[in-house]
**Q** 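Here it is: the structure, laid out below.
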Amino acid sequence: MNATNERTLLGFPYVIMSEDILASLTEVQRQAASHIDGPLLMIAGPGSGKTRVVTHRIAYMISQDVNPSNILALTFTNKAAQEMRLRIERLVSAPGYWMGTFHGFCARILRQHGNLVGLAENFTILDSKDSKQALKRAIDATNIQLTHTSADSIAWEISNAKSNLLTPEEYQTSSTNSYSALTDVTRKASPAYEKYLLRSNSVDFDDLLLHVAVILRDNPELRAQLDDRYRYIMVDEYQDTNLAQYAIVHALSLNNQNLSVTGDPDQSIYAWRGANISNIREFEKDYPTAKVVHLEQNYRSTGKILRTADELIAHNRHRKPKKLFTDNAAGEPVRLVCFGHPNDEAAAIAQRIAAEVKRGERNYKDFAIFFRVNAFSRPLERALRSQNPKIPFQIVRGLEFLKRKEVKDIIAYLHLVNNPANNVAFERIVNMPPRGIGKTTLGHLRNHAERYQLTMLEACREAGMIETLSKRAAAAISRFVTLIDVFTTSVHLPLGDLIIEIVDNCGFTNYLEKIDAKTGEDRSANVDELINEAREFQQHFDEDKATDADLDDAASAKNQTDLEAFLEQVALVSEVDGFDQDTNKVLMMSLHAAKGLEFPSVFIVGVEHGILPHERSMDDDRSLEEERRLLFVGITRAEQQLQISYCQRRTFRGQTRIASPSQFLYELPRDDMRCTLPAGGLASIGNHPNSDFEPTADYFEPDQSDHDALATEEIEAKLQQAQAILEQAGDHESQQPAPKIDHLANELAAMTNITTAADLLASTDSKSSQNNTAKQIALADFEQGMLVAHQRYGSGVIVSISGSGDKRTATIKFLDQQQRKFRLAFAPLMYMDT
DNA sequence: TATTATCCAATTTTT
DNA sequence: TTGGATAATA
């Protein structure tokens, strides 16, 4: 039976055969992709073509006449969803299936059915900072003592409880195995916080999931209806789902058990925020009839990279043993390198990237640099910037500007307009920019709101009736209310215009200009960017509305206002969403953000004790193993090249401290790697706290299996070229020693473009920054394969270069066939710019 | 009330 | 090193 799918291309209908969709898959992949009905578990190792299978499977289902609107595909990030949607579109034309993140999906359900838990449809999604702020307010309002705990840890505790499907009420009685100050305070704070949120018509991230889980539990008829609506559910990264997500997925798969999950226990890296590996480990118990497919062959990495990953992860004891394998070539050895300081580490990486790009071997976008903590990006940024030419890079930290104060302030205005009950937004902007509504005034307002169960904005409307308020304060408040009312009437304006109106009329523009003029910042630029962002969003959104117009779904985008959709998107963007892998830039990101991506060449920096594994994750086995998985994830992102490095010193919160290599480095197959370590290897570090290892010598040293080496023939050819130039210059005794060669060097200087780093240094004051730049340019200009002249030894060719700054060292082979090493900053060297 | 000064804290990973 | 929160001052 050949089900078919009709599409139109340039207006002509044509037909895709179902077989075509599966044709490009391997046998195992096809087994998974062609399984439509009934539960399916796909254990997919790194680089095993998981995304490929998932996308082909969806395309296949649609080609088999599964109604797209019955398909629900849940991913971890918006980016993953986007990527999949794109790939599906290449296979089959089928609008109408839902693909997105858990949180996005839940937001959508709540917009429709939130009334069941006390939410109006225009509810606000608070980001973690806002929700922490809300928590603090709630705690303040209930005079709870924060002895021995902090708002932070309470927030953490509440979040954990919610991820584990404990509603605030259930948390009260939950048998947390032992009494602790934290649970005690949390039991008091949590209901207050919950009330605060509900009265603000707001939810935090965890609520999105928890509310939906509760709705599904308490409303059988609605549950059944949704179960039927989403008959085919697939979940990506299932190893990273928490209990709330588990409950949601299962509640929607009772009547129609067409649940397919994909994941890899070895890539579970979110247990710290409630992800539950047993969700995937016990899928077969939950669904005894599940078809299980293992994708183990790796199509991404070289043999050596894969072996490195495999040996590392084998050290995890709580794990079902499995062997990764590939048919790919063994490839270059994985590099394991020690550096003295993060600056050296960064400089070496920058040089390596610059060199490979210059040689035309790679593009900038082929490189990615991973770190355990975001703070480690600083030295790398500096190093990439200081290369000549600058190395373009992008740090994957989402739309970072959305977190800036001024931007969040404006967004808070939007929130208040969209959801007048939003007390969090109210508190944020009621006196921003300052308009005479201070602490005491606010206190009175809060009291009033509390007494009469009003929102803050409602309380403001009654300011005239609050006796405790001064006339002056009441007037300020009433001006504020008017302002918000005016904005509210403009809500129909295009988003960009709405923002402009707000910014101009509430005095924000002037306020920012004043600050910018004073501090030299450019906050106004961030506001402009927000306006652009909003306009761009609206354009896409309206286009989507046009294409989705045929959907019968009442909750589809068309019913949501642009403003609300924009605010929702802003709340749910993640770090990994905001970058474009196609622009030609080096990417830098945390190891967590790297999940799901792949790059030809990968650097992992700062693999040090207390960093990876992180010191807060070293105490128990479970979290230690998660750290190991994190490194595993990083390693398996690499296709062809991988470098893992650590430093002997590390500058942290202003102070430089001794660092030591991560225990994980001892678990790698070092016999098969190219190690550039101090004498004594990894273990040597502790013995020499003051050592300052510079991997100058071996790091860039020729290596036969490595194309970094300049081939012998190439060296000879270059030397002959040098000889020829010399002869042309009329000097037939070029291999003579010193004095004559001085003369030769002068002649060379006359006939070619020659630069001497030493000259530059001599002629300038090395303290001036300008001259430092000149020096760097000169130093960076020396590169492998260049013809050079040395005052003493004559002409030669650069075989390899290593090190950075004053320590940048060239290995040069001269006409006398001798190799010598020089510090470029000091050697009397010139190069020929040919 | 607003602005500045000072101190203090914390600083893993993120929807 | 940063930001955030509080204290002091105009």
Side-chain angles (χ1 to χ4, degrees), chain A residues 74-81 100-107 125-129 131-133 136 140 150-153 155-156 159 162-163 203-210 237 240-242 244-245 268-275 370-379 396-398 400 403-405 430-443 470 472-473 476 511 514-515 518-519 568-578 589-595 606 610-618 623 626-627 629-631 633-634 650-656:
Chain A
L74 296 169
T75 61
F76 205 67
T77 63
N78 295 306
K79 177 149 188 69
T101 64
F102 264 103
H103 290 81
F105 174 69
C106 290
I125 302 169
L126 302 177
D127 67 19
S128 34
K129 258 196 183 151
S131 61
K132 205 167 284 172
Q133 215 57 44
K136 280 183 186 161
D140 284 348
S150 64
D152 276 340
S153 37
W156 178 254
S159 171
K162 286 181 180 174
S163 311
V203 298
D204 63 22
F205 285 138
D206 305 301
D207 284 335
L208 282 173
L209 305 174
L210 185 61
E237 310 283 13
D240 284 325
T241 51
N242 62 28
Q245 291 165 324
S268 158
I269 53 175
Y270 286 103
W272 57 271
R273 67 168 201 213
F370 303 151
F371 29 76
R372 175 66 230 266
V373 293
N374 279 125
F376 284 15
S377 69
R378 291 289 161 78
V396 177
R397 220 176 275 156
E400 205 181 19
K403 303 211 168 118
R404 303 213 138 276
K405 286 180 228 66
V430 63
N431 201 29
M432 189 73 230
R435 52 173 72 90
I437 304 177
K439 218 167 45 179
T440 39
T441 307
L442 268 175
S470 67
R472 188 194 167 101
Y511 176 72
K514 228 168 68 187
I515 290 183
K518 199 156 148 192
T519 62
E568 180 169 316
Q569 197 209 259
V570 165
L572 294 179
V573 282
S574 73
E575 311 261 317
V576 278
D577 294 332
M589 65 189 86
S590 70
L591 283 162
H592 282 87
K595 190 172 70 165
I611 303 295
L612 180 63
H614 192 273
E615 57 184 343
R616 282 153 82 154
S617 303
M618 293 197 302
S623 50
E626 178 153 307
E627 297 285 307
R629 289 195 292 269
L630 194 51
L631 181 54
V633 166
R650 172 81 47 188
T651 310
F652 217 50
R653 70 174 178 232
Q655 278 195 331
T656 303

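So you know, we letter chains A, B, ... as the sequences are listed, proteins then strands, and number each from 1. Owing to the predicted nature of the structure, the values given are computational and were not obtained by experimental measurement.
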**Q** Say whether, by atom type as modelled, one donor and one acceptor occur between the side chain of A:H103 and the main chain of A:L208 under 3.5 angstrom.
**A**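 Judged by distance alone, no pair lies under 3.5 Å.
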**Q** Phosphate oxygens OP1/OP2 of B:dT15: is one of them under 4.0 Å from a side-chain N or O of A:N78?
**A**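 Checking B:dT15 against A:N78, no side-chain N or O comes under 4.0 Å of OP1 or OP2.
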**Q** Less than 4.0 angstrom between a side-chain N/O of A:T441 and OP1 or OP2 of B:dT1, yes or no?
**A**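 Looking at the OP1 and OP2 atoms of B:dT1, one of them is under 4.0 Å from a side-chain N or O of A:T441.
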**Q** Can you measure A:H103 atom NE2 to B:dT15 atom C1' for me and round it to whole angstrom units?
**A**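 Whole-Å distance recorded here is 4 Å.
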**Q** Return the value, rounded to whole Å, for the distance between atom CZ of A:R372 and atom C1' of B:dT12.
**A**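 For the pair A:R372 CZ and B:dT12 C1', the rounded distance is 5 Å.
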**Q** With sequence neighbours excluded, tell me which residues meet side chain to side chain donor-acceptor pair (under 3.5 Å) with A:S153.
**A**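 Only A:S150 meet the side chain to side chain donor-acceptor pair (under 3.5 Å) criterion with A:S153.
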**Q** Can a donor-acceptor pair be found, under 3.5 Å and without considering hydrogens, that links the side chain of A:N78 to the backbone of A:L572?
**A**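 Pair found, side chain donor or acceptor close to backbone of A:L572.
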**Q** What is the separation between atom CG on A:L209 and atom P on B:dT14, rounded to the nearest whole Å?
**A**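 My rounded result for the distance is 17 Å.
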**Q** Does B:dT12 have its OP1 or OP2 closer than 4.0 Å to a side-chain nitrogen or oxygen of A:S617?
**A**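 No, outside the criterion.
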**Q** Between C1' on B:dT1 and CZ on A:R472, what's the gap in Å once rounded to a whole number?
**A**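 Roughly 7 Å, once rounded to whole Å.
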**Q** Contact class for A:K132 vs. all strands (heavy atom < 4.0 Å): base, sugar-phosphate, or nothing?
**A**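 Counting heavy atoms under 4.0 Å across all strands, no contact is made by A:K132.
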**Q** So, A:E568 side chain and A:I125 main chain: donor-acceptor pair closer than 3.5 Å or not?
**A**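 Absent.
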**Q** Between A:I437 and A:I269, name the one whose nearest nucleotide on DNA chain B is closer to the 5' end.
**A**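 Closer to the 5' end of DNA chain B: A:I437.
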**Q** Applying a 4.0 Å non-hydrogen cut-off, can you work out what A:D206 is touching in the nucleic acid: base, sugar-phosphate, or nothing?
**A**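 Nothing, no nucleic acid heavy atom in range.
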**Q** Between C:dA5 and B:dT12, how far is it from one C1' atom to the other, in whole Å?
**A**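 It comes out at 23 Å once rounded to the nearest Å.
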**Q** How many Å lie between NZ on A:K136 and P on B:dA9, as a whole number?
**A**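 From A:K136 NZ to B:dA9 P: 14 Å.
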**Q** Is a salt bridge present between A:K403 and A:D127, judged by a nitrogen-to-oxygen distance below 4.0 Å?
**A**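 The answer is no: the pair does not qualify as a salt bridge.
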**Q** From C-beta outward on A:H614, which listed nucleotide comes closest to its side chain: B:dT12, B:dT11, B:dT1?
**A**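 Ranking B:dT12, B:dT11, B:dT1 by closest atom to the A:H614 side chain puts B:dT12 first.
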**Q** Atom CD of A:E615 to atom P of B:dT13: distance rounded to whole Å?
**A**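 It works out to 13 Å between those atoms.
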**Q** Can you figure out which of B:dT11, B:dT12, B:dT15 approaches the side chain of A:S128 most closely?
**A**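 So the side chain of A:S128 is nearest to B:dT15.
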**Q** What does A:R435 touch in the nucleic acid at a heavy-atom separation under 4.0 angstrom: a base, only the sugar-phosphate, or nothing?
**A**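 Sugar-phosphate contact only - A:R435 comes under 4.0 Å of backbone atoms but never of a base.
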**Q** Suppose we screen for ring-ring contact (aromatic ring centres under 6.0 Å, His included). Which residues come up paired with A:F76, at least two apart in sequence or across chains?
**A**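 With neighbours one apart ignored, the set is A:Y270.
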**Q** Under 5.5 Å between ring centres and under 30° between planes: does that hold for A:W272 against the base of B:dT13?
**A**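 Stacked: ring centres under 5.5 Å, planes under 30°.
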**Q** Ring of A:F376, cation from A:R650 - is the NZ or CZ under 6.0 Å from the centre and inside 45° of the axis?
**A**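 The answer is yes; both the distance and angle limits are met.
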**Q** Round to the nearest Å and state the distance from A:D240 atom CG to B:dT15 atom P.
**A**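 So the CG-P distance, A:D240 to B:dT15, works out to 12 Å.
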**Q** Could you state the atom-to-atom distance from CZ of A:F102 to P of B:dT14 in whole Å?
**A**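 Roughly 19 Å, once rounded to whole Å.
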**Q** Walking along DNA chain C from 5' to 3', note the first and the last nucleotide with an atom under 4.0 Å from a heavy atom of chain A, and give both.
**A**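 So the outermost contacting nucleotides come out as C:dG4 to C:dA5.
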**Q** Please tell me which of A:N431 and A:E627 maps to the more 5' nucleotide of DNA chain B, matching each residue to the nucleotide holding its nearest heavy atom.
**A**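 Counting from the 5' end, the first nearest nucleotide belongs to A:N431.
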**Q** Check for a donor-acceptor pair, side chain of A:S159 on one end and backbone N or O of A:A155 on the other, with a separation under 3.5 Å.
**A**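 No, A:S159 side chain to A:A155 backbone: no donor-acceptor pair under 3.5 Å.
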